[in-house]
Visitor: 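Pasting a structure here, questions to come.
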Amino acid sequence: MAFVSLAPIAVILSIALKSNTELATNPLGFPHDWLFSNFLDAWSEAGIGRYILNSIIVSVPTLLIVVLASSLAGYAFALIRFRGREVIFTLFLVGLMLPAVSIVTALSFIEQSLGLYNTLPGLVLAESAMCLPLAVFIMRAAFKDLPGELREAVFIDGGTEITAFFRVMLPLARPAVSATIVLTFLTVWNDYLIPLVLINTESLRTVPLGLAFLKTAFTSDTVLVAASTVLAAIPSILIYVLLQRQFIQGIAQGSIK
């Protein structure tokens, strides 16, 4: 299974380090001359750096919105009793069942009416809305798994709900927060459909749109496309490597008592 997973990565990395001439004669073998200059060409000639920057501009605010909103919502759904709690949470679960392709048309009209169509802030709001249902589900499970007595102890000591949330419960739910960060980042970074519908300016393209454009514009330069793909994958790999332990803990949290 490890070989099946890693083999495509090894192949694309090998292609990115070859010349187009060597690729034609030795497509699957290791490169004879390791041409790291291909990555510089991908950054300058293909413009992959601009697409990576656009994806960062979209991903970072989306992470902040989703993590904060899902943490507050998950805390409320898990620990605070209020009228309509289960109904509202069920509406969030409906968002998990709706495929993105079924709502992109309505989403496009909404963004046009708000003046946010073909803008990165509009893309941030759309991505945040798409990522919230799963994030709320994860955070609710995490807070339900924490001892409710800790929250009550804060009230006994004269603390408020805000104190209980930020000072006690949220730090204990850190693995779930890490899982939410990883899943949200990977979803936004790799999303192709929503940017395709909401962005039509070349300078605002994100990584998936940019790579699709490069495959068309540089059809004969496979090495340049491969080098661009490797550069575009680095942020996703880094964030998962840095948070993998917390990610696994966060996914498991709430599944067992």
Side-chain angles (χ1 to χ4, degrees), residues 47-77 88 91-140 166 170 173 176-214 228-229 231-240 242-243 247 250:
I48 189 63
R50 180 174 63 253
Y51 304 140
I52 292 176
L53 178 60
N54 289 338
S55 287
I56 293 175
I57 293 174
V58 172
S59 299
V60 173
T62 301
L63 279 178
L64 295 176
I65 294 172
V66 171
V67 170
L68 180 60
S70 64
S71 298
L72 290 168
Y75 179 87
F77 287 136
I88 298 174
L91 292 178
F92 274 97
L93 295 183
V94 171
L96 286 174
M97 295 178 278
L98 288 176
V101 68
S102 66
I103 64 172
V104 288
T105 302
L107 188 60
S108 174
F109 283 114
I110 292 173
E111 298 243 331
Q112 289 179 20
S113 65
L114 295 175
L116 295 173
Y117 182 77
N118 196 35
T119 65
L120 293 182
L123 186 56
V124 168
L125 292 178
E127 294 287 5
S128 300
M130 296 301 298
C131 293
L132 264 177
L134 178 59
V136 170
F137 180 79
I138 293 174
M139 294 307 301
R140 177 181 180 268
F166 284 106
L170 186 60
V177 173
S178 298
T180 301
I181 290 174
V182 172
L183 290 174
T184 301
F185 182 84
L186 294 179
T187 299
V188 176
W189 191 268
N190 296 318
D191 188 22
Y192 176 78
L193 178 61
I194 294 179
L196 177 65
V197 175
L198 299 183
I199 299 296
N200 57 22
T201 301
E202 191 273 336
S203 61
L204 298 179
R205 287 172 178 158
T206 56
V207 164
L209 287 182
L211 289 177
F213 168 77
L214 292 180
S228 300
T229 303
L231 290 175
I234 290 176
S236 298
I237 295 173
L238 285 178
I239 196 169
Y240 181 77
L242 293 175
L243 299 176
F247 172 74

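Starting from 1, each residue takes its place in the sequence as its number.
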Visitor: Considering only heavy atoms from C-beta outward, does the side chain of Thr180 approach that of Phe137 to under 4.5 Å?
Guide: no

Visitor: Would you say Phe185 has more than 12 foreign heavy atoms packed within less than 6.0 Å of its CZ?
Guide: yes

Visitor: Checking Thr206 against Ile199 for the side-chain contact (heavy atoms from CB on, under 4.5 Å) test, could you report, in this order, the C-alpha distance in whole Å, the side-chain angles of both residues, the deciding distance, and whether it holds?
Guide: CA-CA 9 Å; Thr206 56; Ile199 299 296; 5.9 Å; no

Visitor: With no hydrogens and no angle check, is any side-chain donor or acceptor of Ser55 less than 3.5 Å from a backbone partner on Val207?
Guide: yes

Visitor: How long is the gap from CG on Leu64 to CD1 on Ile181, to the nearest 0.5 Å?
Guide: 9.0 Å

Visitor: Is the shortest side-chain heavy-atom distance between Leu170 and Tyr75 below 4.5 Å?
Guide: no

Visitor: I need the Arg205 CZ to Leu211 CG distance, nearest 0.5 Å.
Guide: 11.5 Å

Visitor: When you compare the side chain of Ser70 with that of Ile138, does any pair of heavy atoms fall below 4.5 Å?
Guide: no

Visitor: Could you tell me whether the side chain of Leu134 reaches within less than 4.5 Å of the side chain of Leu183, counting heavy atoms only?
Guide: yes

Visitor: Looking only at heavy atoms, what is the nearest atom pair of Ser228 and Ile48, with distance?
Guide: O-CG1, 3.8 Å

Visitor: Nearest 0.5 Å, what's the OG-CD1 distance between Ser59 and Ile239?
Guide: 8.5 Å

Visitor: Measuring from atom CD1 of Ile56 to atom CG of Leu63, what distance do you get when rounded to the nearest 0.5 angstrom?
Guide: 11.5 Å

Visitor: Mind listing the closest non-hydrogen atom pair of Ile110 and Ser113 along with its distance?
Guide: O-OG, 2.6 Å

Visitor: Could you tell me whether the side chain of Ile65 reaches within less than 4.5 Å of the side chain of Val124, counting heavy atoms only?
Guide: yes

Visitor: Measuring from atom CG of Leu242 to atom CG of Leu238, what distance do you get when rounded to the nearest 0.5 angstrom?
Guide: 6.0 Å

Visitor: Heavy-atom distance under 4.5 Å between the side chains of Ile103 and Met130, does that happen here?
Guide: yes

Visitor: Would a distance-only check, ignoring hydrogens and angles, find a side-chain to backbone donor-acceptor pair under 3.5 Å from Ser108 to Val104?
Guide: no

Visitor: Kindly give the heavy-atom pair with the smallest separation between Trp189 and Ser236, and that separation in Å.
Guide: CD1-OG, 3.2 Å

Visitor: When rounded to the nearest 0.5 angstrom, what distance separates CD1 in Ile194 from CG in Leu209?
Guide: 11.5 Å

Visitor: Do Leu198 and Tyr117 make a side-chain contact, defined as non-hydrogen atoms from C-beta onward lying under 4.5 Å apart?
Guide: yes

Visitor: Measure from the side-chain N and O atoms of Asn54 to the backbone N and O of Ser203, and report whether any donor-acceptor pair falls under 3.5 Å.
Guide: yes

Visitor: With sequence neighbours left out, write down each residue that passes side-chain hydrogen bond (donor to acceptor under 3.5 Å, both in side chains) with Asn190, or none if nothing qualifies.
Guide: none

Visitor: Which pair of non-hydrogen atoms, one from Glu127 and one from Pro195, has the smallest distance, and what is that distance?
Guide: OE2-CD, 3.8 Å

Visitor: Determine whether Val177 and Met139 make a side-chain contact, defined as any pair of heavy atoms from C-beta on separated by less than 4.5 Å.
Guide: yes

